[in-house]
S.K.: 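I'd like to ask you about the structure that follows.
No hydrogens, no waters, no symmetry mates; every other heavy atom, side chains included, goes into these values.
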Amino acid sequence: MTDSNPIPGSPIGDRPVTTGGQVEPESDQVSTGSNARFRYGSTLVLTVVLLLFLIAAPPDRWTGAVALAIEGGLLIAVAVTSRESSQFRHRLALAYGFAMALFVALAAADILPESVVRAIAGLLTALVFVALLRGVARLIRQQGVTAQAVAGALTIYLLVGLTFAWTIAVIVQVTHTPYFAQVKTPSTSDIVYFSFTTLTTTGFGDLTPATRGGRAVTVLEMVTGQIYLVTVVGILIGSFVGRRGRQ
């Protein structure tokens with residue numbers, strides 16, 4: 001008969017053993033000393049709020065400050081829901097919070113030019129994108145395809161569109177040739193709106209790129225958006241539905 005009690009001083013230590021003698025795998029909470037959970041539904045909601053705000057808000061100096069505040073909140077939300085140690089998460093959240101408070105204050109006081117605000121927003125989007133990508137991959141490895149994994153994947157899709165939007169915004173700032181054929185000086189609302197009509201291949205035609213470089217970026221965004229939806233999101237949702245059906 002197999003003894004189900006752990007042997008003192010053995011490599012198993014205090015890890016539980018089943019009646020069949022098999023060692024149960026350690027949970028991520030035990031290995032990292034963290035009680036954090038993956039909560040990517042909140043990041044999806046924050047991202048949608050950010051996109052709607054960028055499109056609907058008027059072109060004023062406070063718009064950039066509020067957008068930076070929302071992106072900072074999104075970055076902190078991703079950081080605190082990671083599976084790193086509790087101490088590391090708290091330090092990272094404090095560092096992000098301090099940096100974001102400084103940037104928001106400078107943007108609200110109109111000290112930072114619009115080009116710098118857009119560059120900072122693009123950097124924040126990249127940081128959120130990388131952190132979220134790592135987190136979703138880790139979640140899928142540990143727990144399989146869950147509702148939180150699907151929410152994280154959808155958030156990444158929206159961040160792809162936002163990344164292209166900030167890329168276009170930087171191009172508009174550093175070049176003298178108009179990026180769009182219809183508008184010489186596009187606002188942030190115009191750029192984000194154009195990016196997501198491109199990402200979803202809607203293409204209303206009210207904004208079109210005027211240069212060959214702009215057309216190349218547009219095609220790249222369309223292809224990226226469609227490949228991501230068909231492969232990543234499609235496979236994850238199919239796996240999630242199949243898993244729910246089996247359960």
S.K.: Say whether V170 and I191 are linked into one hydrophobic cluster, either directly or through other cluster members, by side-chain heavy-atom distances under 4.5 angstrom.
M.R.: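 No: no chain of side-chain contacts under 4.5 Å links V170 to I191.
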
S.K.: Rounded to the nearest 0.5 Å, what separation is found between the CE atom of M222 and the OG1 atom of T200?
M.R.: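 Between atom CE of M222 and atom OG1 of T200 there are 10.5 Å.
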
S.K.: Looking at every heavy atom in both L54 and A67, which two are closest together, and how far apart are they?
M.R.: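 Scanning both residues, the minimum pair turns out to be CD2-CB, 3.6 Å.
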
S.K.: Out of curiosity, does V174 fall in the hydrophobic cluster containing V116 (side-chain heavy atoms, cut-off under 4.5 Å, transitive links)?
M.R.: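 Different hydrophobic clusters.
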
S.K.: Determine yes or no for a side-chain-to-main-chain donor-acceptor pair under 3.5 angstrom, with S195 supplying the side chain and F164 the backbone.
M.R.: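 No, the answer is negative, given that no donor and acceptor are paired below the 3.5 Å cut-off.
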
S.K.: I55 versus F196: any side-chain heavy-atom pair under 4.5 Å?
M.R.: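 No; the side chains remain at least 4.5 Å from each other.
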
S.K.: Between Q182 and T208 (side chain of the first, backbone of the second, donor and acceptor by atom type, cut-off under 3.5 Å), is there such a pair?
M.R.: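 Yes.
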
S.K.: Using 0.5 Å steps for rounding, measure from the CG atom of L159 to the CG atom of L133.
M.R.: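 So the gap between those two atoms works out to 10.0 Å.
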
S.K.: Same cluster or not: are V223 and L229 linked, directly or through other Ile, Leu, Val, Met, Phe, Trp or Tyr residues, by side-chain heavy atoms under 4.5 angstrom apart?
M.R.: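 They do not share one cluster, since no chain of ILVMFWY contacts under 4.5 Å joins V223 to L229.
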
S.K.: Evaluate the side-chain proximity of I140 to L236: yes if any heavy-atom separation is below 4.5 Å, no if none is.
M.R.: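 SC-SC contact between L236 and I140 confirmed.
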
S.K.: Distance check, rounded to the nearest 0.5 Å: L162 atom CG versus L74 atom CG?
M.R.: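 Rounded to the nearest 0.5 Å, the CG-CG separation comes to 9.0 Å.
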
S.K.: Quick one: does V117's side chain get under 4.5 Å of F103's, heavy atoms only?
M.R.: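 Side chain of V117 against side chain of F103, heavy atoms only: no contact under 4.5 Å found.
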
S.K.: Are any of the side-chain heavy atoms of V172 and P186 separated by less than 4.5 Å?
M.R.: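 Yes - at least one pair of side-chain heavy atoms lies under 4.5 Å apart.
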
S.K.: Would a single hydrophobic cluster contain both L94 and L68, if residues Ile, Leu, Val, Met, Phe, Trp and Tyr are joined by side-chain heavy-atom contacts under 4.5 Å?
M.R.: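 Per the 4.5 Å side-chain linkage, L68 and L94 are not co-clustered.
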
S.K.: Where is the tightest heavy-atom contact between T218 and P209, given as atom of each residue plus distance?
M.R.: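 The pair with the smallest heavy-atom distance is OG1-CG, 3.5 Å.
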
S.K.: At what distance, to the nearest 0.5 angstrom, does OH of Y40 lie from CD of Q148?
M.R.: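 Separation between the atoms: 9.0 Å.
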
S.K.: Measuring from atom CD1 of I156 to atom CG of L132, what distance do you get when rounded to the nearest 0.5 angstrom?
M.R.: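 Result: 4.5 Å between the selected atoms.
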
S.K.: Please check if L102 and I76 belong to a single hydrophobic cluster, counting links between Ile, Leu, Val, Met, Phe, Trp and Tyr side chain heavy atoms closer than 4.5 Å.
M.R.: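 L102 clusters together with I76.
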
S.K.: Which atoms form the tightest heavy-atom contact between V136 and A153, and what is the distance?
M.R.: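 That would be CG2-N, 4.3 Å.
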
S.K.: Can you tell me how far apart CG (L123) and CD (E71) are? Round to the nearest 0.5 Å.
M.R.: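 Spacing of CG (L123) from CD (E71) equals 9.5 Å.
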
S.K.: Please report the closest heavy-atom contact between A210 and A181, naming both atoms and the distance.
M.R.: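 The pair with the smallest heavy-atom distance is CB-N, 3.6 Å.
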
S.K.: Show the nearest heavy-atom pair for residues L139 and A149, with the distance to one decimal.
M.R.: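 Looking at all heavy atoms of both residues, the shortest contact is CD2-N, 3.5 Å.
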
S.K.: Side chains of D60 and T63: is there a donor and an acceptor less than 3.5 Å apart?
M.R.: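 Distance-only check fails for D60 and T63.
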
S.K.: As a quick check of understanding, evaluate side-chain contact (heavy atoms from CB on, under 4.5 Å) for D206 and Y193, giving each step before the final call.
M.R.: CA-CA 10 Å; D206 50 348; Y193 164 78; 2.7 Å; yes

S.K.: Might you work through the side-chain contact (heavy atoms from CB on, under 4.5 Å) test for I120 and L112, ending with a clear yes or no?
M.R.: CA-CA 10 Å; I120 294 173; L112 296 177; 4.0 Å; yes

S.K.: Could you go through the side-chain contact (heavy atoms from CB on, under 4.5 Å) check for V160 and F129 one step at a time?
M.R.: CA-CA 8 Å; V160 169; F129 181 88; 3.8 Å; yes

S.K.: Does any pair with a residue in residues 94-123 pass salt bridge (charged side-chain N to carboxylate O under 4.0 Å, His left out), and if so which ones, sequence neighbours excluded?
M.R.: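 Residue pairs passing salt bridge (charged side-chain N to carboxylate O under 4.0 Å, His left out), neighbours aside: E114-R118.
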
S.K.: Donor-acceptor check, side chain of T155 to backbone of A151, threshold 3.5 angstrom: yes or no?
M.R.: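 Indeed, once roles are kept as given, a pair shorter than 3.5 Å links the two residues.
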
S.K.: For the residue pair T177 and T175, confirm or rule out a side-chain donor-acceptor distance under 3.5 Å.
M.R.: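 Checked: T177/T175 side chains show no N/O donor-acceptor pair below 3.5 Å.
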
S.K.: Would you check if T198 and F194 make a side-chain contact, meaning some heavy-atom pair closer than 4.5 Å?
M.R.: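 Yes, close enough: below the 4.5 Å cut-off.
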
S.K.: Go through the steps for L154 and T47 under the test side-chain contact (heavy atoms from CB on, under 4.5 Å), then give the verdict.
M.R.: CA-CA 10 Å; L154 292 175; T47 306; over 6 Å; no

S.K.: Is the backbone of Q173 close enough, under 3.5 Å, to the side chain of Y179 for a donor and an acceptor to pair up by distance?
M.R.: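 No, because the side chain of Y179 does not come within donor-acceptor range (under 3.5 Å) of the backbone of Q173.
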
S.K.: Taking the side chain as everything from C-beta on, heavy atoms only, tell me whether L50 gets closer than 4.5 Å to L46.
M.R.: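 L50 does not reach L46 side chain to side chain.
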
